[in-house]
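Worksheet: one structure, shown below.
In this text, all values refer to a predicted model and were calculated from it rather than measured experimentally. Order of the sequence lines sets the chain letters (A, B, ...), proteins ahead of strands, with each chain counted from 1.
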2 protein chains.
Amino acid sequence: MSGFERYHRILRCFLQSESQWSVKALAEALDLPASTLYRRIRELVQHRFLESVGDSSYRLGPAFLEFERRLRESDPFIQSGGIFLPPLVRQSPIPICAALCRLQGNEVMCVADARTQGFEGSTAYERGKLMPILYGATSKAVLAALPLRRRDKIIAEAAARTTIDVVHLTAQLRQLKKQGFLITRGEVDARLAGIAASITLPGDGIYASLTLIAHQSDITPAAESRLAELVMTHASLIRQFMT
Amino acid sequence: MSGFERYHRILRCFLQSESQWSVKALAEALDLPASTLYRRIRELVQHRFLESVGDSSYRLGPAFLEFERRLRESDPFIQSGGIFLPPLVRQSPIPICAALCRLQGNEVMCVADARTQGFEGSTAYERGKLMPILYGATSKAVLAALPLRRRDKIIAEAAARTTIDVVHLTAQLRQLKKQGFLITRGEVDARLAGIAASITLPGDGIYASLTLIAHQSDITPAAESRLAELVMTHASLIRQFMT
DNA sequence: TAATAATTCTCATTATCTGAGAAATTATAG
DNA sequence: CTATAATTTCTCAGATAATGAGAATTATTA
């Protein structure tokens, strides 16, 4: 094991099921001797990437708050979410959650979010949350934003892992391009539906989407067309803001 | 240079004035050869701690969003901010910002915040923001929460760097303990005032404070006593929630 | 106070990192 | 489209740092 990987392996553990780890448990999970682990953990604690919590175990440290804040205040794409999402959700006729998501490597991540007061959802999409790459309006709108070659590569890789209906997916992407938005129902969470539009910023290599998530039971035909309108106009606003 | 420090030195640069760095600029700032830097940056990019941005420069990466989200959802102290701060600010008679801050090493950091719709402030305290250690109600309430030995050590260290009125500070801390809260005006931002109460959770080694920040011009005597009441009751609620 | 667990330390061995420059790749301009 | 410059990766021997087993130390608990 070498370089940054040494530290990243440790940190990754804290993203899994457990948010607190004892050195003993980490030693088993990573198959490393305690002396080595103590040394690495001490370094991470010194730099605040981990923090010691009383009962001889450790958790993620405040450095992440500091770096995340810096990212939030300096990344123009995340900023555009802070600017445009709150007014957007206020214009919705029904309770919704708005999420701005982008491709990172081969995954889709939410980088900004906002919700109306009334919206309650356990799966409410939050900044920092990773999305499934092939399900839901969010991810499909990101796929639609990609150059063909890259899109096909991602679909092929994903198809190798799970069985997907490539024909149907391709049809959806074509429809998305044609009408400017896409609605999916119950693909990610059975009770929710998503309405998404693509956002491409080729200059920055950003492939993204804007999604409005609502409870399926709230979506009347009138609300649906209003949300479609909102998602398209705001995707357009963000596109312009970024260029 | 060794271990995690190697990577941390690079990452720290992105917290300073510039949020984007070219390899050339980093090489000068850190006095390192390009080949070494490229190697380290590549590792950080692979693990998403940095990300490449078109014009041959780099910025902080999405890993921080992911880790920060995990921290936010798993740290009970940060959670208590999410639970108690929104209802708190809704009860305020004037526009305010509420900040939950704690000691990290020898610094004070805001770990959760909320504000009323009407509150506008360039210095609005946000999660992840570091506070000055000796100025303002926030930091003083943290100092008051500390064991005497540790408090005196921090004050002595800070006094060595800047000239401070230790007698006055001590008097303020005594008053804070006596009446349960402390008001300071214009110490951090000339137009703002802070009302803070201490929060100690010795079991977790957490020394913290809850602060309400308002524009000095909004603070009537009636508002002041109401805010003092709010800050004390909610500090108490958080204390109970955490034990 | 004794006993146990957690953490740091020591040191010889092993593996990794380093830096200079060459080589390859990518962007820019003519 | 080609030449030129800038960016990024690669190579390799020497320098440096990481490793792990166990001893030593320091909390914690009974």
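In this structure, B/Tyr58 reaches the sugar-phosphate backbone alone: every heavy-atom distance under 4.0 Å involves primed, P, OP1 or OP2 atoms, never a base. Note on B/Ser35: a base of the nucleic acid sits closer than 4.0 angstrom, heavy atoms only. Residue-level contact check: A/Arg39 touches the bases, meaning some heavy atom is under 4.0 Å from a base atom.
Residues A/Thr36 and A/Gly54 both approach DNA chain D. Their nearest nucleotides, taken by heavy-atom distance, put A/Thr36 toward the 5′ side.
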Intermediate values then yes/no, ring pair (Phe, Tyr, Trp, His ring centres under 6.0 Å), B/Phe4 and A/Phe49: CA-CA 10 Å; B/Phe4 193 71; A/Phe49 278 65; 5.0 Å; yes
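Rounded to an integer number of Å, the gap from CG of B/Leu26 to P of D/dT8 is 11 Å. In this structure, B/Arg42 places its CZ atom 13 Å from C1' of C/dC17, rounding to the nearest Å. The distance between atom CZ of A/Phe4 and atom P of C/dT16, rounded to the nearest whole Å, is 17 Å. The CG atom of A/Asp31 sits 9 Å away from the P atom of D/dG20 (whole-angstrom rounding).
The side-chain heavy atoms of A/Leu210 and A/Phe84, taken from C-beta on, include no pair separated by under 4.5 Å.
Between A/Glu66 and A/Arg48 no salt bridge is recorded (no basic side-chain N to carboxylate O distance below 4.0 Å).
In this model, the phosphate group of C/dT7 is approached by a side-chain N or O of A/Tyr38 to a distance below 4.0 Å at OP1 or OP2. Close to C/dC17, at under 4.0 Å from its OP1 or OP2, lies a side-chain N or O of A/Arg6.
Using modelled atom types, one finds a donor on one side chain and an acceptor on the other under 3.5 Å when comparing B/His47 with A/Glu5.
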